[in-house]
Amino acid sequence: MKTTNRALSLLLIVLTIFSLTACYKHKVDVTGLWEQATYTEDTTLGNGKTTVEVEFVIEDQSITITLKTDKETLGEALFEHSLVNDPSFFDTANGIKADYSANQAWWKVCKGGEVTNVGVADLTLSDGDHYEFIYTVGF
């Protein structure tokens with residue numbers, strides 16, 4: 001009986017730890033470029049039928065914004081929530097400006113780890129897509 005109680009107690013502790021970590025929202029250290037960011041922790045925006053994830057990566061830190069949208073393209077969905085300053089040609093994402101003229105900074109856009117071959121205005125959304133916006137300096 002004691003062994004069963006100990007096993008159940010241990011199981012309860014493990015389940016509690018997993019439950020608490022599942023509720024944890026990922027945050028970044030708000031320094032450097034992240035000081036300009038609109039969002040600095042994982043966030044969900046919108047109420048639409050299509051759900052996509054957009055991960056913003058700067059150096060070794062990242063956050064993921066889950067978008068629920070009825071827009072057809074990534075550019076429209078991002079612009080709908082003010083995550084880019086233009087739905088076609090943007091230099092600011094999540095409030096962070098990539099100023100190419102100052103330091104050759106730009107936003108590399110990937111889908112599932114692969115660089116996209118079209119701009120955000122031409123990326124048609126499908127439920128479950130995962131995009132990465134990677135702040136890049138130079139080539």
Q | Heavy-atom neighbours of E114 CD exceed 12 at 6.0 Å | A | no
Q | V57 with Y131, same ILVMFWY side-chain cluster at under 4.5 Å | A | no
Q) Any chance CG of D127 has more than 12 other-residue heavy atoms, nucleotides or ligands included, within less than 6.0 Å? A) yes
**Q.** Test log, rule side chain to side chain contact (heavy atoms under 4.5 Å, CB included), inputs W34 and I63
**A.** CA-CA 10 Å; W34 283 106; I63 61 152; 3.9 Å; yes
Q: Determine yes or no for a side-chain-to-main-chain donor-acceptor pair under 3.5 angstrom, with N94 supplying the side chain and L83 the backbone.
A: no
Q | Worked verdict on T116 versus C110 for side chain to side chain contact (heavy atoms under 4.5 Å, CB included) | A | CA-CA 5 Å; T116 61; C110 300; 5.6 Å; no
Q. Between F90 and V109, is any pair of side-chain heavy atoms under 4.5 Å apart?
A. yes
Q) Less than 4.5 Å apart, any side-chain heavy atom of L123 and any of L125? A) no
Q) Can you find a pair of side-chain heavy atoms, one from T50 and one from D129, that are under 4.5 Å apart? A) no
Q | Neighbour count >12 (heavy atoms, 6.0 Å) for atom CD, Q36 | A | yes
Q. Do T66 and T51 come close enough that some side-chain heavy atom pair is under 4.5 Å?
A. yes
Q) Looking just at side-chain N and O atoms, do S62 and E55 make a donor-acceptor pair shorter than 3.5 Å? A) yes
Q.
Is there a path of hydrophobic side-chain contacts, each under 4.5 Å between heavy atoms of I/L/V/M/F/W/Y residues, joining F79 to V118?
A. yes
Q.
If you define the side chain from C-beta out and look only at heavy atoms, does anything of T44 sit under 4.5 Å from K68?
A. yes
**Q.** Polar side-chain atom of D70 near backbone of K49 as donor-acceptor pair, under 3.5 Å
**A.** yes
Q: Classify the ring geometry between F56 and W107 as parallel (under 30°), tilted (30 to 60°) or perpendicular (over 60°).
A: perpendicular
Q | Joint hydrophobic cluster, I96 plus V137, side-chain heavy atoms closer than 4.5 Å | A | yes
Q | F133 vs L74 side-chain heavy atoms within contact, under 4.5 Å | A | yes
Q: Say whether, by atom type as modelled, one donor and one acceptor occur between the side chain of E76 and the main chain of E72 under 3.5 angstrom.
A: yes
(Q) Is any side-chain heavy atom of F89 closer than 4.5 Å to one of D91? (A) no
Q. If two hydrophobic side chains count as joined below 4.5 Å and joins carry through other members, does Y39 share a cluster with L33?
A. yes
Q.
Any non-hydrogen side-chain atom of V84 less than 4.5 Å from a side-chain atom of V120?
A. no
Q) When you check the side-chain N and O atoms of E80 and T69, is any donor under 3.5 Å from an acceptor? A) yes
Q | Step-by-step side chain to side chain contact (heavy atoms under 4.5 Å, CB included) determination, L45 to I65 | A | CA-CA 7 Å; L45 302 172; I65 301 201; 3.8 Å; yes
Q) Between atom NZ of K108 and atom OH of Y135, what is the distance when rounded to the nearest 0.5 Å? A) 14.0 Å
Q: Go through the steps to decide whether L67 and H81 satisfy the test side chain to side chain contact (heavy atoms under 4.5 Å, CB included), and finish with yes or no.
A: CA-CA 9 Å; L67 296 176; H81 297 288; 3.7 Å; yes
Q. So, are E41 and K27 salt-bridged, with charged N and O less than 4.0 Å apart?
A. yes
